[in-house]
Protein chains: 2
Amino acid sequence: MARKPLTKPRKAAAQDRSRATVDALVEATARILVKEGFDKASTNRIAEQAGVSIGSLYQYYPGKEALVAAVIDRHNEEIMRLVLPAFAEIDMLPVEIGVRRLVAVAIEAHRIDPRLHSVLAEQIPRTGRLADVEAFGRQTYALFRTYLAAHSDELRVADLDMAAFVAVTTIEALAHTAVLSSQKMLPDQTVRTLVDETTRLVVGYLT
Amino acid sequence: MARKPLTKPRKAAAQDRSRATVDALVEATARILVKEGFDKASTNRIAEQAGVSIGSLYQYYPGKEALVAAVIDRHNEEIMRLVLPAFAEIDMLPVEIGVRRLVAVAIEAHRIDPRLHSVLAEQIPRTGRLADVEAFGRQTYALFRTYLAAHSDELRVADLDMAAFVAVTTIEALAHTAVLSSQKMLPDQTVRTLVDETTRLVVGYLT
DNA sequence: GGGGAATACGAGCAATAGCTCATATTATAG
DNA sequence: CTATAATATGAGCTATTGCTCGTATTCCCC
């Protein structure tokens, strides 16, 4: 039988010293994931890179999957620190403006750490954290659906759920592909065009 | 120094017997990838599952990455057997009809073997086959761009490259997400709606 | 049917993985 | 200052991984 990979931390850090250890571990995991990929990220390697003994690693995390899950959580929080304010901000604004803002935010979010984002996207299915990440996706989806419902007078769509699915998936995919397919920083000009086009695509569909 | 993962087969099979061996290996790799994921797919396991000795495996493939690459190739060929005829077919048809057909094909392609498609999409970056798969993507992109160019009188877009990027990315993402996010078979009704909506989205943007 | 080429086999080795546990160090409360 | 809890250490065990190589089998052609 396949043992299920545990993804919860073993115990919480209580003192400052241990909190630093935990931070170092998560940080090291992220660094290795980006620079060497999931395969090379062994617990021994992570501990070494973090400057922490392997024993300490296992005091806080039951294994590699849990570390990766921690990295995912951290990254998701960073993204949400961009996304949530954006939704609050556009609340009362018309769809044309609101969508434009969300498109811009989606691109920003992908630019936080494109390499990490990419690796995490690959690794999510195997962390057992699929449920969490789906919940994360659903949250964005729900927020957007709420926004649409509040502006339904501007819309020309029959099914709000379908519309939200189409719009969210499209925005996310365009941002993701554009940012990741260009290794180097996207020039501002291209980003502006991309925002324009994506906005036109989605707004044209919605209204 | 990290050894680069070789992805080319070691030697071609000459007799029927060996061709069967190679087939069994690729098939077993696909099965294990789907059922257990990349991590559990060790060369020993693949050989065992294929009913082939580990020695034979290494006679044809230098390692696991090469097997995965072979699976990717096989899968891509299957997809192209759907996509190429579709492009030929829509050649002279108006954008509204052509896009609809392509959207339908994209969904069909994802329904060939959703689980496999999903796993492969995850594993591509680490197979060293990124270039090949990007070429594959570029081919679709190029075909679509050509189609657009031939129908530019119907279009309202400034930049054909940008338009092709936006359209192809969107269609692929919607098909991918819709098929994969629903574990079970999509009901025909939903597929029809999805095709309608995606077509409206993209055609509205293009024309 | 004899002989060389192609194919198949699998024991087994070196490297590395994940992980434990007995021990040492540091912090904190009384 | 001392006792106890919290934290940190790393040698080292077991299982697995990737892979080789000497040997056995099968095929094919003359």
Side-chain angles (χ1 to χ4, degrees), chain A residues 1-29 32-33 36-70 123 126-128, chain B residues 1-29 32-33 36-70 123 126-128:
Chain A
M1 281 285 80
R3 59 225 124 108
K4 59 185 89 175
L6 300 176
T7 58
K8 275 201 246 177
R10 272 196 164 149
K11 67 171 157 192
Q15 305 176 0
D16 276 2
R17 182 168 51 133
S18 59
R19 234 164 284 138
T21 301
V22 169
D23 273 5
L25 285 170
V26 176
E27 180 56 35
T29 306
I32 294 180
L33 280 180
E36 326 229 15
F38 186 83
D39 300 347
K40 304 294 179 83
S42 70
T43 47
N44 286 310
R45 231 163 129 60
I46 291 171
E48 185 193 22
Q49 173 80 192
V52 157
S53 87
I54 182 64
S56 294
L57 186 154
Y58 279 97
Q59 218 148 80
Y60 296 104
Y61 294 97
K64 156 156 94 149
E65 319 269 354
L67 261 323
V68 176
Q123 299 312 333
R126 83 181 51 170
T127 53
Chain B
M1 279 286 86
R3 57 224 125 105
K4 58 185 91 175
L6 300 176
T7 57
K8 275 201 245 180
R10 269 192 166 152
K11 66 171 156 193
Q15 305 176 0
D16 276 1
R17 183 168 48 132
S18 61
R19 235 164 283 135
T21 302
V22 169
D23 274 5
L25 286 171
V26 176
E27 180 55 34
T29 306
I32 294 180
L33 281 180
E36 326 228 15
F38 186 84
D39 300 346
K40 303 295 177 84
S42 69
T43 48
N44 286 312
R45 228 163 132 61
I46 290 171
E48 185 193 22
Q49 173 80 190
V52 158
S53 86
I54 182 65
S56 296
L57 185 153
Y58 278 96
Q59 219 148 75
Y60 297 104
Y61 295 97
K64 157 157 95 150
E65 319 268 355
L67 261 322
V68 176
Q123 299 313 333
R126 81 179 52 170
T127 54

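These figures come from a predicted structure and were not determined experimentally. Side chains included, hydrogens not; waters and symmetry mates left out as well; all remaining heavy atoms used. Residue numbering restarts at 1 for every chain, and letters A, B, ... go by the order of the sequence lines.
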| query | How close do A:Ala24 and A:Ala50 get, heavy atom to heavy atom, and via which atoms? | reply | O-CB, 3.5 Å
| Residue pairs involving residues 48-58 of chain B (criterion salt bridge (Lys or Arg N to Asp or Glu O under 4.0 Å); sequence neighbours excluded) | none
| query | Does a nitrogen or oxygen in the side chain of B:Thr21 sit under 4.0 Å from OP1 or OP2 of C:dT7? | reply | no
| message | Protein within reach of the bases, or only the backbone? For nucleotides 20-29 of chain C, mark each nucleotide 5' to 3' as B, S or -, using heavy atoms under 4.0 Å. | response | B-----BS--
| remark: Rounded to whole Å, the CZ-P distance (B:Phe38 to D:dT17) equals 12 Å
| request: Name all residues meeting the salt bridge (charged side-chain N to carboxylate O under 4.0 Å, His left out) criterion together with B:Glu27; count only those two or more places apart in sequence or in a different chain, and write none if there are none. | output: B:Arg31, B:Arg74
| query | Any side-chain N or O of A:Ser42 under 4.0 Å from OP1/OP2 of C:dA17? | reply | yes
| Whole-Å gap separating P (C:dC19) and CG (A:Leu57) | 10 Å
| Is there a donor-acceptor contact under 3.5 Å from the side chain of A:Lys64 to the main chain of A:Ile46? | no
| task | With sequence neighbours excluded, tell me which residues meet side-chain contact (heavy atoms from CB on, under 4.5 Å) with A:Asn44. | result | A:Ser42, A:Ile54
| Under 4.0 Å: is that the gap between some side-chain N or O of A:Thr43 and OP1 or OP2 of C:dG18? | yes
| query | Can you tell me how far C1' of D:dC27 sits from CZ of B:Arg19, to the nearest Å? | reply | 13 Å
| Looking at residues at least two apart in the chain, or sitting in another chain, which of them share a side chain to side chain donor-acceptor pair (under 3.5 Å) with A:Thr43? | A:Tyr58
| Considering residues at least two apart in sequence or located in another chain, which fulfil the salt bridge (charged side-chain N to carboxylate O under 4.0 Å, His left out) criterion with A:Glu36? | A:Arg45
| Rounded to whole angstrom units, what separation is found between the CG atom of B:Asp23 and the P atom of C:dT7? | 14 Å
| Nearest of C:dC9, D:dT9, C:dA8 to any side-chain atom of A:Val52? | D:dT9
| task | Return the value, rounded to whole Å, for the distance between atom NZ of B:Lys40 and atom P of C:dG18. | result | 13 Å
| message | Tell me the interatomic distance from A:Lys64, atom NZ, to C:dA17, atom C1', rounded to whole angstroms. | response | 9 Å
| said: Could you tell me how far apart B:Tyr60 (OH) and C:dA6 (P) are, to the nearest whole angstrom? | reply: 10 Å
| said: Can you tell me if A:Ser53 touches the phosphate of D:dT9, counting only side-chain N or O atoms and a distance under 4.0 Å to OP1 or OP2? | reply: yes
| field | Whole-Å gap separating C1' (D:dT16) and CD (B:Glu48) | value | 13 Å
| said: Side chain of B:Asn44 only, heavy atoms from C-beta on: which candidate in D:dT17, C:dG10, D:dT9 is closest? | reply: D:dT17
